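Notes follow the structure.
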2 protein chains.
Amino acid sequence: MDNFDRRPADPVGDPASIGRMPTVKRDTYTPDSLLSVAVRVFNERGYDGTSMEHLSQAAGISKSSIYHHVRGKEELLRRGISRALDGLFAVLEEPRAREGRAVERLEHVTRRTVEVLMSELPYVTLLLRVRGNTETEIWAMARRREFDQRVAELVKQAAADGDLRSDVDARLATRLLFGMINSIAEWYRPDRAPLNGASGGNSAASTGSATSAQVAEAVIRTAFAGLRTH
Amino acid sequence: MDNFDRRPADPVGDPASIGRMPTVKRDTYTPDSLLSVAVRVFNERGYDGTSMEHLSQAAGISKSSIYHHVRGKEELLRRGISRALDGLFAVLEEPRAREGRAVERLEHVTRRTVEVLMSELPYVTLLLRVRGNTETEIWAMARRREFDQRVAELVKQAAADGDLRSDVDARLATRLLFGMINSIAEWYRPDRAPLNGASGGNSAASTGSATSAQVAEAVIRTAFAGLRTH
DNA sequence: TTGCACCGACCGATCGTTCGGTAGCAGTAT
DNA sequence: ATACTGCTACCGAACGATCGGTCGGTGCAA
């Protein structure tokens, strides 16, 4: 028995492996499964506060072994952020985000953004905390601003349609909306029990998916009640 | 001419010095004036991403000179966070936060919290970004949770009074409220022109103070319209 | 026999911090 | 006036530790 099995808890990020077929991933790390470990540690300690030694301990392999899978620390950051951005931008391409009344497109984008944030929680969390120290981080901030502006256009259009209150500036409203949405990353933990008690009444949902939709619904209800015209 | 005057731009954080009286601060750093520089850099680069070399360059004094004023990097963090917490907790002690109907106490605390966040922006921003790596940061997170819980009690009481909508859990509502409030730290910059165009109609306010109150008002209006019963 | 996943040892650079020292100034005895 | 003293605010050099990353392997399965 050699130095295996001291790997802690998270050998493969998304273990879709069923049997022992050659096409499925083996019991070693892939760039993606290593990424899921790295992103978790990044979120716990902050990117700058995470050393390669921290990552190696969390992954259960040596520091130098990490470089067998990825080019370096910053590539892990870039991959993680990319995954978040891909999920978010995909929302804007959905049919219901492109057709119909602006306020309803906005509501759809809001709901789906919340859902993506929750399903890709670690990756979006990583994106939201970027500060802009490296080139990768500057790129991430630019892409995120781009996403925000796409949504801001929806808000502006909805306000022009008279569907959103006009006594709050569209840009400010967008920022407050995202403030509410993004704050989910600060407290939502998919393992814990659902936080809002009275949503539909019944629905003893303990699955992460159902809880996700419930929280999303509560967020939309609260945010849009504040933004919509009455 | 010796090695002075290459100090960049920010010799004293809050220059209340008027003449040349002996009691007012001199043209050298005090722990507080150095703190204002350090906190600014912390917020630009993140605490872990800021080296003492960065601080020394921003302050215009040598790295070793910093240790003449403070014990070290972590003391700067602690002082900055303390200032933010002092401002926030002081709000809870104000008369209007302690007397009257819960929903009105909540509204007062919300408005004053926004105002403190904006007037002490760099310090509160620093507090909001703490991750929990060091003992100081763990303490900061605990104190912040304490503040949140005090407000959460107000929300719960207001909901029990029937003044807040009951279809959203009190804890969730508190978190969404703070999500909106705290997001201000992400985009508000006191030097820039006000963001919300139509608040009172007139009031050509370019002073930071007036703008602050305006933004605070917009935030309260949006947040409470979403939370209040109709 | 080849190649993949991994390792320990080590690299120069940078980290937060410490140390001995110095220029300039106020106060004071000469 | 001058010289001495003590103090404040600062400095360059250097400390051990740790940083992200490189290198030459090694064991094992195919």
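Any value given below was found using the heavy atoms of this structure, including those in side chains, with hydrogens, waters and symmetry copies removed. We name chains A, B, ... by the order of the sequence lines, and we start the count at 1 in each one. Here the structure is a predicted model, which means the values were calculated and not measured.
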For A:S56, answer base if it contacts any base atom (sugar-phosphate contacts may also be present), sugar-phosphate if it contacts only those atoms, and nothing otherwise; contact means non-hydrogen atoms under 4.0 Å.
nothing
Over how many whole Å does the gap from B:D48 atom CG to C:dT14 atom C1' extend?
15 Å
Donor-acceptor pair, distance only, cut-off 3.5 Å: does the side chain of A:S65 make one with the backbone of A:I61?
no
Using whole Å, what does the distance between atom P of nucleotide D:dC19 and atom CD of B:E53 come to?
19 Å
Please report, rounded to the nearest Å, how far the P atom of D:dG21 is from the CZ atom of A:R71.
11 Å
Of the candidate nucleotides D:dG20, C:dC6, D:dC10, which contains the atom at the shortest distance from the side chain of A:Y29?
C:dC6
A:Y67 side chain, from C-beta outward: closest of C:dC6, D:dT22, D:dG12
D:dT22
Does the cation-pi check pass for B:R150 over B:F89, that is, NZ or CZ under 6.0 Å from the six-membered ring centre and within 45° of its axis?
no
Shortest side-chain distance from B:K63, nucleotide among C:dC6, C:dT17, D:dG21
C:dT17
Starting at atom CE of A:M52, determine the distance to atom P of C:dG8, rounded to an integer number of angstrom.
15 Å
Report the C-alpha distance between B:R129 and B:Y47 in whole Å, list the side-chain angles of each, state the deciding distance to 0.1 Å, and finish with yes or no for side chain to side chain contact (heavy atoms under 4.5 Å, CB included).
CA-CA 9 Å; B:R129 295 200 182 140; B:Y47 176 72; over 6 Å; no
For D:dC10, take OP1 and OP2 only and decide whether either is under 4.0 Å from a side-chain N or O of B:H69.
yes
B:I66 atom CD1 is separated from C:dT17 atom P, nearest whole Å, by 10 Å
Can you tell me which nucleotide in C:dC6, D:dG12, C:dC10 comes closest to the side chain of A:T28?
C:dC6
For the residue pair A:R144 and A:F178, would you count it as a cation-pi contact if the rule is NZ or CZ under 6.0 angstrom from the ring centre and within 45 degrees of the ring axis?
no
Test for a donor-acceptor pair under 3.5 Å between the base of D:dG12 and the side chain of B:S64, counting only N and O atoms.
yes
Think B:S65 has a side-chain N or O under 4.0 angstrom from the OP1 or OP2 of D:dC10?
no
Would you indicate which nucleotide in C:dC4, D:dG20, C:dG8 comes nearest to any side-chain atom of A:K73?
D:dG20
Between B:H68 (NE2) and D:dG12 (P), how many Å, whole number?
16 Å
Do A:S33 and A:S36 have a side chain donor and acceptor closer than 3.5 Å?
no
B:Q57 CD - C:dG16 C1' separation (whole Å):
15 Å
For A:S51, which contact category applies under a 4.0 Å heavy-atom criterion: base, sugar-phosphate, or nothing?
sugar-phosphate
For the pair made of CG in A:L76 and P in D:dC19, what is the distance, rounded to whole Å?
16 Å
